[in-house]
Structures are given as C-alpha cells and as structure tokens.
Amino acid sequence: MSTPAKPARSGGASAIGWVLTIGLNVVAPIVTYNTLTEDHGWSEFSALLLSSAWPVLDTAVMAAWRRKIDEFAMVTLVFLVITAVVSLVGAHTARALLIKDSSVTGLFGLLCLGTLLAPRPLMFYFGRKFATDGTPESTAWWNGMWQFEGFRSTMRTMTLVWGVAYVTEALVRIALAYALPTKTMVTLSPVMIYGVLGALGVWTAWFGKRRAAEGARRQAEAEAAAAATAAA
C-alpha cells in the first residue's frame with residue numbers, strides 16, 4: 001500500500017492555529033502566573049490554577065472552530081494541573097521547590113510512557129499538532145498514516161524516548177538538588193530543563209526524517225519489484 005501524499009499546508013489556517021496554540025498554551029499561562037505571583041502576591045497553587053484556564057479556552061476555541069478537541073491543549077492543561085498539585089504538596093523551602101520542579105517533568109515522562117498502553121501514544125498527537133496545519137485535509141492525512149506499521153513504530157519509539165528521557169532527567173535533577181548547593185541548582189535546573197528539551201527536539205526531527213526516508217525507500221523498492229513482476 002502506497003503512502004498518501006501530504007496535503008499542501010494552508011498558510012492562513014496554520015498561522016492562526018500557531019498563534020492560538022502558542023498564545024493560549026504557553027505565553028498567556030506564563031504571563032498570568034508571573035503577574036499573579038510577583039505583582040499580586042498570589043500563591044503558586046492559586047496562580048497555576050488560574051493559568052490553566054487558558055488551555056481550557058484554547059480547547060473551546062478549537063472545538064468551535066474545527067469541530068474537534070485539541071489534544072495539545074488538553075496535555076498542556078494536564079501538565080498545569082499536575083504542576084499545581086505538586087506545588088501544593090509538602091514543604092516550600094528552596095530545595096523542596098527544586099525537587100517539585102523535577103517531579104513535574106518526571107510525571108510528564110511517566111505520562112508519555114503511560115500512553116504507550118493507549119491506542120495511540122502521546123507523540124502521535126504532538127506530531128499531528130506540529131506536522132499539520134490543523135485543517136480537515138491535513139488532519140485526515142495524519143490520522144490515515146496510522147495504518148502503516150512503520151509510522152506506528154515511529155510514534156511509539158518517539159514517545160518511549162521522550163518518556164525515558166524526562167524520567168531520567170527528573171531523577172538526576174532530584175539527586176543533584178540534594179548533592180549541590182541550592183544556589184548552584186537554581187542556575188543549573190533551567191539549563192537542564194531546556195537542554196533536554198532542545199536535545200529531544202533535535203533528535204525527534206532527525207529520527208522522523210530518517211524514518212520517513214526509510215519508508216520512502218522501501219515503498220520505491222516495492223513498487224519497482226511490482227513493476228518488474230508485471231513486466232515479466
């Protein structure tokens with residue numbers, strides 16, 4: 001079975017989708033949290049809880065616009081809720097806060113690993129968010145790719161790697177929080193967070209292109225073999 005061609009991206013729809021995604025899932029929660037905690041004296045838990053309203057709004061907008069639930073916004077909402085719950089539990093010393101930050105990324109890693117038991121892993125939905133423009137045609141194309149074993153294997157491998165990487169990163173950061181001075185960890189912790197994220201992003205792009213090239217090669221070989229058989 002030949003792989004269907006990817007539909008052309010709609011520039012307008014893609015731009016609007018990206019503005020909504022980044023604005024409501026990343027920028028608005030961060031600005032809301034920082035404003036409430038730094039300027040208005042809100043607790044971390046309360047600020048995070050209110051910040052989670054933005055992904056809910058994004059989900060509502062996408063549901064009204066495209067008649068479907070946006071999984072990326074749902075994951076963002078779950079992540080914010082996890083962060084809020086973790087921030088509420090236990091002590092609030094500097095070291096405890098560092099450990100809580102590590103716990104959040106570790107829980108995200110466990111979420112990735114947990115979805116390997118679901119019909120479709122988490123990276124399938126993340127991939128659809130970033131590889132398509134959200135139009136019905138591109139969404140249908142991405143969903144249709146699930147019928148190919150190579151595509152399913154790629155999504156599961158990506159999800160496994162992200163899960164293991166974030167669980168490992170969390171465990172290392174927790175250990176370092178006890179082994180190193182708090183001042184050192186305050187600087188090192190965000191470096192580790194964004195370093196792991198950047199490394200995973202680069203690896204994911206490379207791995208995805210490699211698997212796509214392998215799939216194209218196997219398809220070309222199969223078509224050539226079929227043509228040779230027909231000619232004989």
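For the single chain, residues carry numbers from 1 onward in sequence order. Atom set for the values below is all heavy atoms of this structure, side chains included, hydrogens, waters and symmetry mates excluded. If you're wondering where the values come from, they're calculated on a predicted model, not measured in any experiment.
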[atom1]-[atom2] distance between [X] and [Y], expressed to the nearest 0.5 angstrom:
X: Thr115; Y: Arg156; atom1: OG1; atom2: CZ; result: 10.5 Å
X: Asp39; Y: Leu36; atom1: CG; atom2: CG; result: 8.5 Å
X: Thr154; Y: Arg210; atom1: OG1; atom2: CZ; result: 10.0 Å
X: Leu111; Y: Thr105; atom1: CG; atom2: OG1; result: 12.5 Å
X: Trp162; Y: Glu169; atom1: CH2; atom2: CD; result: 11.5 Å

Shortest non-hydrogen separation from [X] to [Y] and the atoms involved:
X: Thr159; Y: Cys112; result: CG2-O, 3.1 Å
X: Val161; Y: Trp203; result: CG2-CH2, 3.5 Å
X: Ala170; Y: Ser102; result: CB-O, 3.1 Å
X: Trp146; Y: Pro119; result: CZ2-O, 3.3 Å
X: Pro121; Y: Leu116; result: CB-CD2, 4.2 Å

Students often mix this up, so state it plainly: with edges at 30° and 60°, are the rings of Phe108 and Phe126 parallel, tilted or perpendicular? tilted
Within the structure provided, determine whether [X] and [Y] are in side-chain contact (heavy-atom separation under 4.5 Å).
X: Trp42; Y: Thr35; result: no
X: Thr204; Y: Lys209; result: no
X: Thr168; Y: Leu171; result: no

Exam field: side chain Trp142 to backbone Phe124, donor-acceptor pair closer than 3.5 Å: yes
Taking Arg152 for its side chain and Gln147 for its backbone only, find out whether a donor-acceptor pair lies under 3.5 Å. yes
Same cluster or not: are [X] and [Y] linked, directly or through other Ile, Leu, Val, Met, Phe, Trp or Tyr residues, by side-chain heavy atoms under 4.5 angstrom apart?
X: Met123; Y: Leu117; answer: no
X: Leu160; Y: Val202; answer: no
X: Val191; Y: Leu176; answer: no

With a cut-off of under 6.0 Å to the ring centre and 45° to the axis, is Arg128 in cation-pi contact with Tyr125? no
